[in-house]
Amino acid sequence: MKIFVDTANIEEIREAVSWGIVQGVTTNPTLVSKEGRPFKELVEEICSIVDGPISVEVTATDAEGMVEEGREIASWHPNIVLKIPMGIEGIKAVKRLSTEGIKTNVTLIFSPNQALLAAEAGATYASIFVGRLDDIGQDGMQVVAQALQIYRNYSFSTEIIVASVRHPMHILRAGEMGAPVVTAPFKVLEAMFKHPLTDIGLQRFLADWEKLKNLMK
Ligand code: G3P
């Protein structure tokens, strides 16, 4: 499984990358706006920290505008993947950009059929927002399971990103299903490391080691 961090915060990205298990970054306009910095400068700094796919979202709403804006953003760094919102205009833009060899990540996917359309258009990634589905009483991970099955049936090369992750159980279920990519907020990734028995076990090992050191004195 590839793990991406879902943030535009430089400190979080630096820290997560230092762990050695994060391979990419996903951002969106909300995450970027929280940083209160010039867009291009922020994206370029992220690209200088992470040597992997960095998803950056377009804000144009028509296909022509998305393609134009997308080409400009993609020219900033070779690792940039354009995040394009699901919809007729978005899918038209993805088809054109993918034909030009520009990588895309179709965002705001909430159904298996939307994931199918992203793959048909040649998207590199398809982001399924599992947390937001759970929020309205639908099983987000069920949509991931259905989309994975469709992709397997037709050997699509588009990779599903399990996105809008809220807790480590989303990542566990993604792993059990064989989802190729999960993008998670910094805090959720951090929580994956933790288990109370790990802490207790380590305390005991260190205390026993201290006892031995005292005996050897
Ligand atoms: O990657 C998608 C993510 O940024 C959306 O997450 O928590 O706003 O639903 P959330």
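Keep in mind it's a predicted model, so treat the numbers as computed, not measured. Counting convention: from 1, in listed order, for ligands and their atoms alike.
From the protein, the heavy atom lying nearest to atom 3 (C) of ligand 1 is D6 OD2, 3.0 Å. Nearest non-hydrogen protein atom to atom 8 (O) of ligand 1 is R132 NH2, 2.8 Å. Of all protein heavy atoms, the one lying nearest to atom 6 (O) of ligand 1 is S164 CA, 3.4 Å.
When every heavy atom of I102 is checked against every heavy atom of A74, the shortest pair comes out as CG2-CB, 4.0 Å.
Taking every non-hydrogen atom of F129 and a distance limit under 4.0 Å, the qualifying atoms of ligand 1 come out as 2 (C), 5 (C). Every atom of ligand 1 is numbered from 1 in the order shown, and the set under 4.0 Å from a heavy atom of A163 is 1 (O), 2 (C). Near R166, the atoms of ligand 1 lying under 4.0 angstrom from a non-hydrogen atom of the residue are 7 (O), 9 (O), 10 (P).
Here the NE2 atom belonging to H77 is positioned 8.0 Å from the CD1 atom belonging to I54, to the nearest 0.5 angstrom. To the nearest 0.5 Å, atoms CD1 (I13) and OG1 (T27) are separated by 8.0 Å.
Exactly one of N105, N28, T107, T183 qualifies for a side chain to side chain donor-acceptor pair (under 3.5 Å) with S127. That residue is N105.
In summary, E64 and R96 engage in a salt bridge, as defined by a charged side-chain N under 4.0 Å from a carboxylate O.
Taking the six-membered ring where tryptophan is involved, the planes of H167 and H170 are essentially parallel, since the angle between them stays under 30° and well short of 60°.
Residue-to-ligand polar distances place N28 within reach of ligand 1: an N/O pair is separated by less than 3.5 Å.
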